[in-house]
Every structure is written in C-alpha cells, then in structure tokens.
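Submitted below is the structure of interest, expressed as structure tokens.
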Amino acid sequence: MSQADLLDHDPVFQLKGSMLAVTVLELAHNDLPRLDRQLADKVAQAPNFFRDTPLVLALDKLPDGEGQLDLQGVLDICRRHGLRTLAVRASREEDIRLATMFDIPVLPPSGSSRERTVEPKDAATPLTGATPVRRPRGERLSEKAVEQAAGSASAQLEKPAEAVPAETQAENPAEPQEPAKDAAPEKPAEPPAPVVRPTKLVTTPVRGGVQIYAAGGDLIVLAPVSPGAELLADGNIHVYGPMRGRALAGVKGDTSARIFCQQLAAELVSIAGNYKVAEDLRRSPQWGQAVHVSLSGDVLNITRL
C-alpha cells in the first residue's frame, strides 16, 4: 500500500459526545426595548462572563397574546451584548418557522414528552379467556352490553378448569394424586440493587483555565480552586478550601444537587442551570464563609454551614 493510500485511510475527524454548560435566555414578554435595557444591566455586572457566551434562546414561555416576535431583532440584541445564539427552544409554529428560515436548530419545549398511544393489539388479553367485545373507535358500550360482558366473565371464572364426563369418571375412578416430587421451592424476590453514583475526587489545587467534570456523580475537591477554574458535576460539588472559580452542579438538570464550600469567593455558582455571578454573591452576608448552596424552584439559596 502506497503512502498516499495510507494517508487516505487516516481519519481526519472524530465524533464525540460532550457535556457543555450553556446559558438559557428564557423570554417572558415580547418587549424588545425592555429586553435590551435589562440585558445590558445584567451583562454590565459580569462582562467577562457573558463575553462570547453560547446561548439557547427559549421562546416556549412567551404568552400568545403579545403578537408576533421579531426574532431577528432578538438575535441582534443578544449578539450586541456578546451572547451567541446556538439554538432556539420553541413550541409555536411561527417561531419554529422563523428559526428554520434563519437556519437555527430548534429544540423541543421544556418538559415536553411524547404520549404513547396504545393500539388495541397492545391491550392485555382477558385472563378468563372471554372474547373481547370489539366496537368502533370512540363508541361507548351500553349498560346492557357491559352487564352481558360481566356475566360472561363471571361464568368463565365459575367454570371448572377441566370438565371430565361422568362416563370417563366411572371408567377411570379418581385416584389420589401424589404430591409433586422434587418441587423446587419458590425463590424469594431479590431486593433491587442500590444505585451507586460514582464520585470524582481531586486532591491537588485546581488552577485557572482547568475544567473538571464529574460525569454521573459527585465531585469532591480537597484543595483550593483558583479564579478561572471550572467545576462541573451531574450531582453535588464539595470544595474543602477556598472556592474562587466556577461551580456548576446538577448540569444535566438535577434540581436536588447541592454545592458545599468552605470559603465562598466564587465567580459563579449554578445548580441545574440557575446561577448567580460574583456581583450577586458579594451582596450576600455569607460571602467568604463556609456555605451550602441549594435550589428552591428557580431561586438559589445560600446558607451558612
């Protein structure tokens, strides 16, 4: 095989899954001037944090009575304040159509789920062996039909499992049945195995620019966390030292996740996408103290340990 053939078979890319922290901007009203002013005030609190921040624009909570949304205007406002829109979360047809026109991916609404339709063939067959009554879709059975079906089921239940003719019983008198030999005792059901969440342990200081992610479990850091460092965990985060970087717990949506640190001096703390930046944290009397961060609804609660 020539050198050119070897180079041709050498892969030039890899597709990998990755868990990234993405900010969601959830619009509550179709009011672009107010959006521009309030977003400018928020970005001014932490300009470095919002610079070139990837964004999901959520439109699924907009009320229907506020008219057609100017999606281009919203995108321009976000871009002007340093937010880069990666996708749109929408449920209304007009919003989805506009996002498609701008070639922006559309995500399903928050908390949406597909209902499973059970067809007649999936329905459980009656254990009594009675023939189910078939009727056109959407038609209700009359009370008389229900009583007839119930009577048929009762007759099937009262009927012996195997009826032996009298002539057969006379020819073959009943013999005492011997208990089954070597009958295996029923094995008791085993209790479900406990769910084990892996824990990632870090014992060395976390420097600025370093990102540590605990997939599927908790993250424990037994050393200081410097500014610019980022801690992410699907579960809880414990920092037994000064916490000066970013801590994002429950990054896959676990609202019961918690953050514990011995000295709160963080640039950002977040649980399930709800966050507070340093400018907000400094106003708290717990700044610089050992704290416990939890989520109640959409509000981050910071209490002293």
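These numbers were taken from a predicted model, which means no experiment stands behind them. Note that these values count all heavy atoms, side chains included, but never hydrogens, waters or copies made by symmetry.
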Self-check item: Test side chain to side chain contact (heavy atoms under 4.5 Å, CB included) applied to Leu222 and Leu201, step by step
Solution: CA-CA 8 Å; Leu222 303 178; Leu201 179 64; 3.8 Å; yes

Quiz item: Looking only at atom types and distance, does a side-chain atom of Glu66 sit under 3.5 Å from a main-chain N or O of Asn30, one as donor and one as acceptor?
Solution: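 Yes: the side chain of Glu66 pairs with the backbone of Asn30.
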
Practice problem: Locate the shortest heavy-atom distance separating Ile302 from Val293; write the atom from each residue and the value. | Solution: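 Looking at all heavy atoms of both residues, the shortest contact is CG1-CG2, 4.2 Å.
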
Quiz item: For the hydrophobic clusters of this structure (ILVMFWY residues joined by side-chain heavy atoms under 4.5 Å, transitively), does one cluster hold both Val74 and Ile104?
Solution: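 Val74 clusters together with Ile104.
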
Self-check item: Pairwise side-chain contact, Leu32 with Asp70, heavy-atom cut-off 4.5 Å (strictly under)
Solution: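 They are in contact (side-chain heavy atoms under 4.5 Å apart), so the answer is yes.
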
Practice problem: Carefully, step by step, assess His29 and Arg34 under the rule side chain to side chain contact (heavy atoms under 4.5 Å, CB included). | Solution: CA-CA 9 Å; His29 297 286; Arg34 270 203 301 164; 3.9 Å; yes

Exercise. Supply the atom-to-atom distance Arg304 CZ to Gln286 CD, rounded to the nearest 0.5 angstrom.
Key: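 With rounding to 0.5 Å, CZ (Arg304) is 7.5 Å from CD (Gln286).
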
Quiz item: How far does CG of Leu39 sit from CG of Leu25, to the nearest 0.5 angstrom?
Solution: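 Leu39 CG to Leu25 CG: 6.0 Å, rounded to 0.5 Å.
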
Quiz item: Would Val202 end up clustered with Ile220 when hydrophobic side chains under 4.5 Å apart are linked, directly or stepwise?
Solution: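 Hydrophobic grouping puts Val202 apart from Ile220.
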
Exercise. Check Ala266 against Ala278 and note the closest heavy-atom contact, atom names and distance.
Key: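 Here Ala266 and Ala278 meet closest at O-CB, 3.5 Å.
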
Quiz item: Roughly how far, to the nearest 0.5 Å, is CD1 of Ile271 from OG1 of Thr255?
Solution: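 So the gap between those two atoms works out to 9.5 Å.
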
Practice problem: May I ask you to test the Arg244-Ser226 pair for a side-chain heavy-atom distance under 4.5 Å? | Solution: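 Sidechains of Ser226 and Arg244: no contact.
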
Quiz item: What pair of heavy atoms forms the shortest contact from Ala272 to Leu295, and how long is it?
Solution: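 Shortest heavy-atom separation between Ala272 and Leu295 comes out as CB-CD2, 4.2 Å.
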
Exercise. Answer yes if Val251 and Leu86 sit in the same cluster of Ile, Leu, Val, Met, Phe, Trp and Tyr residues linked by side chain heavy atoms under 4.5 Å apart, and no otherwise.
Key: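 In one cluster with Val251: Leu86, no.
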
Self-check item: Student check: side-chain heavy atoms of Val88 and Asp95 closer than 4.5 Å
Solution: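 They are not in side-chain contact.
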
Quiz item: Name the one of Leu35, Thr85, Asp36 that satisfies side-chain contact (heavy atoms from CB on, under 4.5 Å) with Cys78?
Solution: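 One option only clears the test, and that one is Thr85.
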
Quiz item: Roughly how far apart are Met243 CE and Leu281 CG, rounded to 0.5 Å?
Solution: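 Output value for this atom pair is 10.0 Å.
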
Practice problem: Drop me the distance from Leu62's CG to Leu27's CG, to the nearest 0.5 angstrom. | Solution: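 Interatomic distance, Leu62 CG to Leu27 CG, rounded to 0.5 Å: 5.0 Å.
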
Practice problem: Measure across Lys200 and Ala214 and return the closest heavy-atom pair with its distance rounded to 0.1 Å. | Solution: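 Reported closest heavy-atom pair: CB-CB, 3.8 Å.
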
Practice problem: Could you check if a side-chain atom of Leu55 sits within less than 4.5 angstrom of a side-chain atom of Arg84, using non-hydrogen atoms only? | Solution: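 They are not in contact (no side-chain heavy atoms under 4.5 Å apart), so the answer is no.
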
Quiz prompt | Over all atoms of both residues, closest heavy-atom pair of Gly235 and Ala249 | solution =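 Heavy atoms of Gly235 and Ala249 come nearest at O-CB, 3.4 Å.
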
Practice problem: Take Gln263 and Gln289, measure what side chain to side chain contact (heavy atoms under 4.5 Å, CB included) needs, and give me the verdict at the end. | Solution: CA-CA 5 Å; Gln263 183 180 343; Gln289 306 295 324; over 6 Å; no

Practice problem: May I ask you to check whether over 12 heavy atoms, not counting those of Gln68, lie within 6.0 Å of atom CD? | Solution: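 It does: Gln68 CD has more than 12 such atoms within range.
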
Exercise. Decide yes or no on side chain to side chain contact (heavy atoms under 4.5 Å, CB included) for Val221 and Leu231, but give the supporting numbers first.
Key: CA-CA 9 Å; Val221 180; Leu231 307 180; 4.0 Å; yes

Quiz item: How long is the gap from CD on Gln262 to OH on Tyr240, to the nearest 0.5 Å?
Solution: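 Reported to 0.5 Å precision, the distance equals 8.0 Å.
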
Self-check item: Shared hydrophobic cluster for Leu248 and Val277 (ILVMFWY, side-chain gaps under 4.5 Å)
Solution: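 Leu248 clusters together with Val277.
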
Quiz item: Would you say the side-chain atoms of His292 and Arg258 include a donor-acceptor pair closer than 3.5 Å?
Solution: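 Side chains of His292 and Arg258: pair found under 3.5 Å.
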
Quiz prompt | Residues Arg92 and Asp60 bridged, charged N to O under 4.0 Å | solution =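 Result for this pair is no, no salt bridge flagged.
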
Quiz item: Is the closest side-chain heavy-atom distance between Val269 and Tyr275 below 4.5 Å?
Solution: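 A side-chain contact under 4.5 Å is absent here.
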
Exercise. List the steps and the verdict of side-chain hydrogen bond (donor to acceptor under 3.5 Å, both in side chains) for Asp234 and Tyr213.
Key: CA-CA 8 Å; Asp234 292 343; Tyr213 174 43; 2.7 Å; yes

Quiz item: Between the main-chain N or O of Asn236 and the side-chain N or O of Asp218, is there a donor-acceptor pair closer than 3.5 Å?
Solution: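 Yes; judged by distance alone, with no hydrogens or angles, the pair exists.
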
Quiz item: Would a hydrophobic clustering, with Ile, Leu, Val, Met, Phe, Trp and Tyr connected at side-chain separations under 4.5 Å, put Trp287 with Val291?
Solution: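 The answer is yes; both residues are in one hydrophobic cluster.
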
Quiz item: Any idea which heavy atoms bring Ala215 and Pro198 closest together, and the distance?
Solution: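 That would be O-CG, 4.0 Å.
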
